[in-house]
Amino acid sequence: MTTPIHISGFQLWKTRLDAAGQASMVEALREVAEAAPFFHPETRWGRKMSVRMTSAGRVGWVSDRRGYRYEPRHPVTGAPWPQIPDCVLAVWREVADWPDDPDCCLINYYSEGAKMGMHRDADEGAAGFAAPVVSISLGDPAVFRIGGLERGGTTQKVTLESGDVMVMGGPARLAYHGVDKVLFGGSTLLPKGGRINVTLRVVRSV
DNA sequence: AAGTCGCA
DNA sequence: TGCG
């Protein structure tokens with residue numbers, strides 16, 4: 001599909017990745033996770049998030065009692081993050097309409113029952129806000145919620161399925177969004193089920 | 001508050 | 001189920 005759907009300023013390409021493309025991306029991400037294992041981040045208040053995360057790229061997104069930030073090293077192993085896989089960069093270059101490659105490839109794994117509250121991607125620095133955020137969905141479908149620029153505004157729901165690619169850019173770059181729930185078992189792409197979401201960002205704060 | 005819960 |  002070459003024409004995206006527009007939802008509150010977000011662009012959504014349904015099944016932008018075909019089955020083979022999804023499978024090879026999962027394999028590439030599995031290799032990233034071998035070098036940079038998934039970890040369970042804590043919020044600033046010491047609560048575990050339900051998603052597990054890891055990253056690739058120059059910096060990775062990290063959360064702990066010190067707050068949210070980007071770091072050049074894995075918080076558990078201390079190793080630099082692996083390189084962003086070429087197949088992931090290829091998606092960015094196709095849809096981002098941005099001259100630079102992303103600095104961070106955040107990989108979120110949603111097992112059964114995992115969700116993510118409404119938030120903004122706001123840790124990338126002012127220059128990073130100019131670039132879009134690209135999001136790739138793999139595995140089980142998820143109910144994604146899109147809000148506006150302020151917390152508590154009206155929201156819209158959209159189901160994201162495996163192979164979907166979404167771009168949050170322009171006026172919607174700092175819009176609130178979250179994941180209500182994962183429709184566990186809705187896809188056979190991942191051996192253990194669940195959902196992987198890959199987000200690509202230009203980071204100018206680190 | 002990238003969480004959780006309680007309320008309408 | 002969408003807020004607060």
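Proteins come first, then strands; the chains are lettered A, B, ... in the order of their sequence lines, and each starts at number 1. These numbers come from a predicted model, not from an experiment.
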Handout entry: Counterpart residues, side chain to side chain donor-acceptor pair (under 3.5 Å), relative to R58(A) (two or more places apart)
Key = D103(A)

Exercise for the section: Name all residues meeting the side-chain contact (heavy atoms from CB on, under 4.5 Å) criterion together with A122(A); count only those two or more places apart in sequence or in a different chain, and write none if there are none. Expected result: R120(A), F129(A), L174(A)

Exercise for the section: Scan residues 106-115 of chain A for pairs that pass side-chain hydrogen bond (donor to acceptor under 3.5 Å, both in side chains), counting only residues two or more places apart or in two chains. Expected result: none

Exercise for the section: Whole angstrom is fine here: how far is it from NZ in K181(A) over to C1' in dT1(C)? Expected result: 10 Å

Handout entry: Partner set under side chain to side chain donor-acceptor pair (under 3.5 Å) for S187(A), not counting sequence neighbours
Key = none

Practice task
Show which residues join M118(A) in its hydrophobic cluster (side-chain heavy-atom contacts under 4.5 Å, direct or indirect), or state none.
Solution key: Y176(A)

Handout entry: Separation of atom CD in Q156(A) from atom P in dT1(C), rounded to whole Å
Key = 16 Å

Problem - d(CD, E42(A); C1', dA2(B)) in whole Å - result: 13 Å

Practice task
Keeping to residues at least two apart or across chains, list the side-chain hydrogen bond (donor to acceptor under 3.5 Å, both in side chains) pairs with something in residues 72-82 of chain A.
Solution key: none

Exercise for the section: Considering only Ile, Leu, Val, Met, Phe, Trp and Tyr, and joining two whenever side-chain heavy atoms are under 4.5 Å apart, list the other residues clustered with L183(A). Expected result: V143(A)

Handout entry: side chain to side chain donor-acceptor pair (under 3.5 Å) partners of E42(A), counting only residues at least two apart
Key = R65(A)

Problem - Heavy atoms from other residues, nucleotides or ligands near CG of D86(A) exceed 12 (cutoff 6.0 Å) - result: no

Handout entry: Partners passing side chain to side chain donor-acceptor pair (under 3.5 Å) against E27(A) (at least two apart in sequence or in another chain)
Key = R30(A)

Practice task
Strictly below 4.0 Å, heavy-atom distances to any atom of DNA chain B: list the hits from residues 51-65 of chain A, or just say none.
Solution key: W61(A)

Handout entry: Separation between the C1' atoms of dC5(B) and dA1(B), rounded to whole Å
Key = 13 Å

Exercise for the section: Of all the heavy-atom pairs spanning M25(A) and C87(A), show the shortest one and how long it is. Expected result: CE-O, 3.7 Å

Fill in the blank from the handout: What residues 121-141 of chain A contributes to the DNA chain B interface at heavy-atom separation below 4.0 Å is D123(A)

Handout entry: Distance, rounded to the nearest Å, where N108(A) contributes CG and dA2(B) contributes P
Key = 13 Å

Exercise for the section: Specify the separation, in whole Å, of atom NE2 of H40(A) and atom C1' of dA2(B). Expected result: 12 Å

Exercise for the section: Return the value, rounded to whole Å, for the distance between atom OH of Y176(A) and atom P of dA1(B). Expected result: 7 Å

Handout entry: nucleotides 3-8 of chain B: protein proximity per nucleotide (B base, S sugar-phosphate only, - neither; heavy atom, under 4.0 Å)
Key = SS----

Exercise for the section: For G153(A), answer base if it contacts any base atom (sugar-phosphate contacts may also be present), sugar-phosphate if it contacts only those atoms, and nothing otherwise; contact means non-hydrogen atoms under 4.0 Å. Expected result: sugar-phosphate

